[in-house]
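FYI, side chains are in, hydrogens and waters are out, and symmetry mates aren't considered; it's all heavy atoms of this structure. A note on names: the letters A, B, ... follow the listed sequences, proteins ahead of strands, and every chain is numbered from 1.
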2 protein chains.
Amino acid sequence: MPTKSAAQRRAEARVAYDAYLATCPSRQLLERMGDKWTTLVVNALADGPQRYAELARRIAGVSQKMLTQTLRALERDGMVTRMVTAAVPVRVDYALTPVGRDLLPVLAAVKAWSERHIEAVLDAREAYDAAQASRAG
Amino acid sequence: MPTKSAAQRRAEARVAYDAYLATCPSRQLLERMGDKWTTLVVNALADGPQRYAELARRIAGVSQKMLTQTLRALERDGMVTRMVTAAVPVRVDYALTPVGRDLLPVLAAVKAWSERHIEAVLDAREAYDAAQASRAG
DNA sequence: CGGCATCCACACGGATACTG
DNA sequence: CAGTATCCGTGTGGATGCCG
């Protein structure tokens, strides 16, 4: 077998690309921002430190599982601090680190884009769907 | 039944929040950027119009299904144009629209953050994992 | 109060085969 | 070349119940 199959070549390319993506800094942040709750949590914490229950209330749709999971991930990456106050009942406060706070301008950029183009996007979407419908009809 | 159950209240809150998220412009963009391939495709198209096969090659890890799906979504939102040239074989070129091109500064912001903080993130991650390990051991 | 463990449904996304 | 159609494994994430 002197030559590799197309499938083999593709598989190898994918592995190499995965490795590239795994080490790409931008990718790592994108991966975090990608999940549903990260940006919501960071935004909620922008106003200052907050307790677990406060966050749960402000991000009304989140389940405890996802909120905890998101906070843990952010903590692990050094974007959020977790401060436990021993008491009965326990009190846990979360806050952005300087690194985490630096994420706010990025979110601001996203927000700016959205507000500038949302109307065009909505129009485009409508036009696209209309074209699809007429093709189907 | 004068009062609602906790589960009911939570469910209603979730519905309301979902509705809020559905109409929030930032959220809509975040949703797009969230999926694995959107940003890669936009980045690839930053250099100018490109054919389907070129994109598939540059974004080596992507499957046709995902590439097509991503391009369709971007096209629907008016961020990418799709130009078919009737020939044998067919030729299809994709390009960023002005709206899509406006996404590049946002990606640049992400990139800037990543390059500035990746080291701190990696360190934090290592420290966090070490702490976890010592707790388990 | 602030979790963790478990179960489970569903959507995401990869592999493969086929088409205009 | 540029897709579409299908099958199917896996991860994501919600619901629930228990615990320090």
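B:Asp93 meets the salt bridge (Lys or Arg N to Asp or Glu O under 4.0 Å) test with B:Arg91; sequence neighbours excluded. Partners of A:Asp35 according to the salt bridge (Lys or Arg N to Asp or Glu O under 4.0 Å) rule, which considers only residues two or more places apart in sequence or in another chain, do not exist here. Scanning for salt bridge (Lys or Arg N to Asp or Glu O under 4.0 Å) contacts around A:Asp129 gives B:Arg76, with sequence neighbours left out.
A salt bridge (Lys or Arg N to Asp or Glu O under 4.0 Å) check over residues 19-34 of chain A, counting only residues at least two apart or in different chains, returns the pairs A:Arg27-A:Glu31, A:Arg32-A:Asp77. The salt bridge (Lys or Arg N to Asp or Glu O under 4.0 Å) analysis of residues 62-74 of chain B, with sequence neighbours excluded, yields no pairs. Within the structure, salt bridge (Lys or Arg N to Asp or Glu O under 4.0 Å) pairs that include any residue of residues 99-117 of chain A comprise A:Asp102-B:Arg116, A:Lys111-A:Glu115, A:Arg116-B:Asp102 (at least two apart or interchain).
Not one N or O on the side chain of B:Glu75 forms a donor-acceptor pair closer than 3.5 Å with the backbone of B:Arg82. At least one donor-acceptor pair closer than 3.5 Å links the side chain of B:Tyr52 to the backbone N or O of B:Gln64.
Contacts of B:Val90 with the nucleic acid, taken as non-hydrogen atoms under 4.0 Å apart, include base atoms.
Here the P atom of nucleotide C:dG3 and the CE atom of A:Met83 are 13 Å apart, to the nearest Å. Separating the CG atom of B:Asp35 from the C1' atom of C:dG14 is a distance of 15 Å, rounded to the nearest angstrom. Atom CG of B:Asp93 is separated from atom P of D:dA2 by 8 Å (rounded to the nearest Å). Going from atom OH of A:Tyr94 over to atom P of C:dC1 covers 15 Å, rounded to whole Å.
The stretch residues 25-32 of chain B does not touch DNA chain D, since none of its heavy atoms comes less than 4.0 Å from the strand. Of the residues in residues 63-82 of chain A, those with a non-hydrogen atom less than 4.0 angstrom from any atom of DNA chain C are A:Lys65, A:Thr68, A:Arg72, A:Arg82. Residues from residues 46-55 of chain A placing a heavy atom under 4.0 Å of any atom in DNA chain C, listed by number, are A:Arg51, A:Tyr52, A:Ala53.
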A:Leu29/A:Leu103 under side-chain contact (heavy atoms from CB on, under 4.5 Å): CA gap, chis, key distance, verdict:
CA-CA 10 Å; A:Leu29 175 56; A:Leu103 219 48; 3.9 Å; yes
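Hydrophobic clustering, defined by side-chain heavy atoms of Ile, Leu, Val, Met, Phe, Trp and Tyr closer than 4.5 Å, groups B:Leu122 together with B:Ile118. B:Met83 belongs to no hydrophobic cluster, as no Ile, Leu, Val, Met, Phe, Trp or Tyr side chain comes under 4.5 Å of its own.
Direction of the helix axis in the helix from C:dC1-D:dG20 to C:dG20-D:dC1 shifts by 50° between the two five-pair termini, rounded to 10°.
Note: the hydrophobic cluster containing B:Leu107 also contains B:Tyr94 (ILVMFWY, side chain heavy atoms under 4.5 Å, direct or indirect links).
Counting heavy atoms from C-beta on, the side chains of B:Trp37 and B:Gln69 never come closer than 4.5 Å.
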